[in-house]
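Written below as structure tokens is the structure these notes are about.
Just so it is clear: chains get the letters A, B, ... in the order the sequence lines come, proteins before strands, and each one is counted from 1.
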2 protein chains.
Amino acid sequence: MIVCASVNAVVYIERNFWDVREQDTTREKKSVVGELGSGMSVSDRKKKQIIEAAIAEFQEKGYAGTSMDRISERAQVSKRTVYNHFESKEVLFHEINQFLVDQVNSALEIPYDNTKPIREMLMELGWAEGALLINPCFMNLARMVMSETIRDPALAADMESRMTLQSDFEAVLRRATEEGRLSVDDPAVAAKQFLGLIKSRGFFPNLYAARVPDRAEIDKIIAESVDMFMAKYSKEPTRAG
Amino acid sequence: MIVCASVNAVVYIERNFWDVREQDTTREKKSVVGELGSGMSVSDRKKKQIIEAAIAEFQEKGYAGTSMDRISERAQVSKRTVYNHFESKEVLFHEINQFLVDQVNSALEIPYDNTKPIREMLMELGWAEGALLINPCFMNLARMVMSETIRDPALAADMESRMTLQSDFEAVLRRATEEGRLSVDDPAVAAKQFLGLIKSRGFFPNLYAARVPDRAEIDKIIAESVDMFMAKYSKEPTRAG
DNA sequence: ATCATTAAACTGCACGGTGTAGTTTACTTC
DNA sequence: GAAGTAAACTACACCGTGCAGTTTAATGAT
């Protein structure tokens, strides 16, 4: 049980945190304050407050721009308590990153349903990525991680590999080709192209513009990416109108 | 006359600084030290040293990680002299950014030659972008700028618009369609797709991995992008082997 | 050609002010 | 008494300034 504190709101997440497909905005969302009393030790409660505050601060100001004083203030906790839970600023930052990235990983699943038309299947495949792009929590995390790892190539590579869907896409494309539904000679290249078409328009521009695209926007991008992908890799070339 | 100080080397540039197509690695490269005596006042010389040092430091450590003390030390100049030339750290940073970005802009030109086969023309078009990607100076600049602007959306948008080839690509695609050489319904989307195919594989991964790709690597990416682009947008669908 | 003069730029160092990571201490609450 | 709190404190790094003294280069006089 953890929260994603975005700039404007604190959204509650329980299990399938990142899986937007299961998120229901009408579902009850206990406020952070409302949750506080139940079944948590004081220590755990404080720790949770610290984590929430730290996520918010790091995402808003970045690592260097965030001070431990402000975190403790925002968490309504004394600075010493922060240090009782996390031995240093760096440890706090890395534990949070670790945790959030793990959340992303555990929630991801790539669909493959060979009974559906190939176009529809590709759309769903594209939406596995697209679901992340319209999730404010994910975009905030991505901005935080990527702004801090751009000067740390090793860490950047690690994060990249853990947050990308590359290998899963490859597997699906390979299988679809084996089943004669696509004609992909190099699944690695094709997967990069497909993801690249989506990310270059739906991810990076928004990452730097600090905005979150809406469903319609991403749907258009995915549809156009599928069109292009199919023009190149479908069994019999279809020109989509 | 200015230099691009990369992490490992200081490369001399005279006019067509960014235009890798004209760069000749065998051409004489005066060392910075060798150049020092000739025709520059002491003041100009010192200023140049400061700029070189600042570029290197900012690119290696980022804005926050760079101290004016280290810049002065690296430039072999007193700290006071740095402040005589640049009134603050921020001014120094922005003047450098401004200058480098202007260099990029002035060197860019998008080819359009309708006597060449369409595939060849697209390859050249792709290489207009590719030339930047294999240029260490450009990649270092991009890393510096993007790492600092990710928390400043307005500046990021400005930089993006000034460093992207989007509109030029659009114009070329529109013209090629008018001349019946391509069948592009939406030039804006098509330009984004084409550039996206290239950048998502040749730019962003390398930006974060802190590496510079070589010609062969980029050539493969561009060729595969052209293949895909043509599968969707060429007059008569060609399946490239 | 050689020497003095002069202005501008550079040096080196110390210093004020600020921000921040992390620690200590004395006090409170459960 | 275990954990939290508030506030002061240490140690340090950094930006930017002031200043006394030195270098540089150009000018002009001898």
Backbone N/O of B:Thr81 and side chain of B:Ser78: donor-acceptor pair under 3.5 Å:
yes
Counting just side-chain N and O atoms, does A:Lys79 come under 4.0 Å of either OP1 or OP2 of D:dG4?
no
Out of C:dA21, D:dA6, C:dC10, whichever nucleotide has its closest atom nearest the side chain of A:Ser78
D:dA6
What is the nucleic acid contact for B:Ser72, judged by heavy atoms within less than 4.0 Å: base, sugar-phosphate only, or nothing?
nothing
Nearest-Å distance, NZ (A:Lys46) to C1' (D:dA3)?
10 Å
Judged by atom type as modelled, is there a donor-acceptor pair below 3.5 Å linking the side chain of A:Gln193 to the main-chain atoms of B:Glu224?
yes
Using a heavy-atom distance cut-off of less than 4.0 Å, which residues of residues 83-94 of chain A contact DNA chain C?
A:Tyr83, A:Ser88, A:Lys89
Of all the choices, C:dT23, D:dC15, C:dG12, which nucleotide is nearest to the side chain of B:Arg80 once you look at every atom?
C:dG12
Between the main-chain N or O of B:Gly65 and the side-chain N or O of B:Arg70, is there a donor-acceptor pair closer than 3.5 Å?
yes
Both conditions, 6.0 Å and 45 degrees, for the charged tip of B:Lys89 above the ring of B:Tyr83: are they met here?
no
Report the nucleotide, chosen from C:dA21, C:dC10, D:dT5, that has the shortest atom-to-atom distance to any side-chain atom of B:Thr81.
C:dC10
Kindly say whether A:Pro205 contributes a backbone atom to a donor-acceptor pair with the side chain of A:Arg211 at under 3.5 angstrom?
no
Whether A:Lys199 engages the ring of B:Phe204 as a cation-pi pair (distance to the six-membered ring centre under 6.0 angstrom, angle to the ring normal within 45°) should be assessed.
no
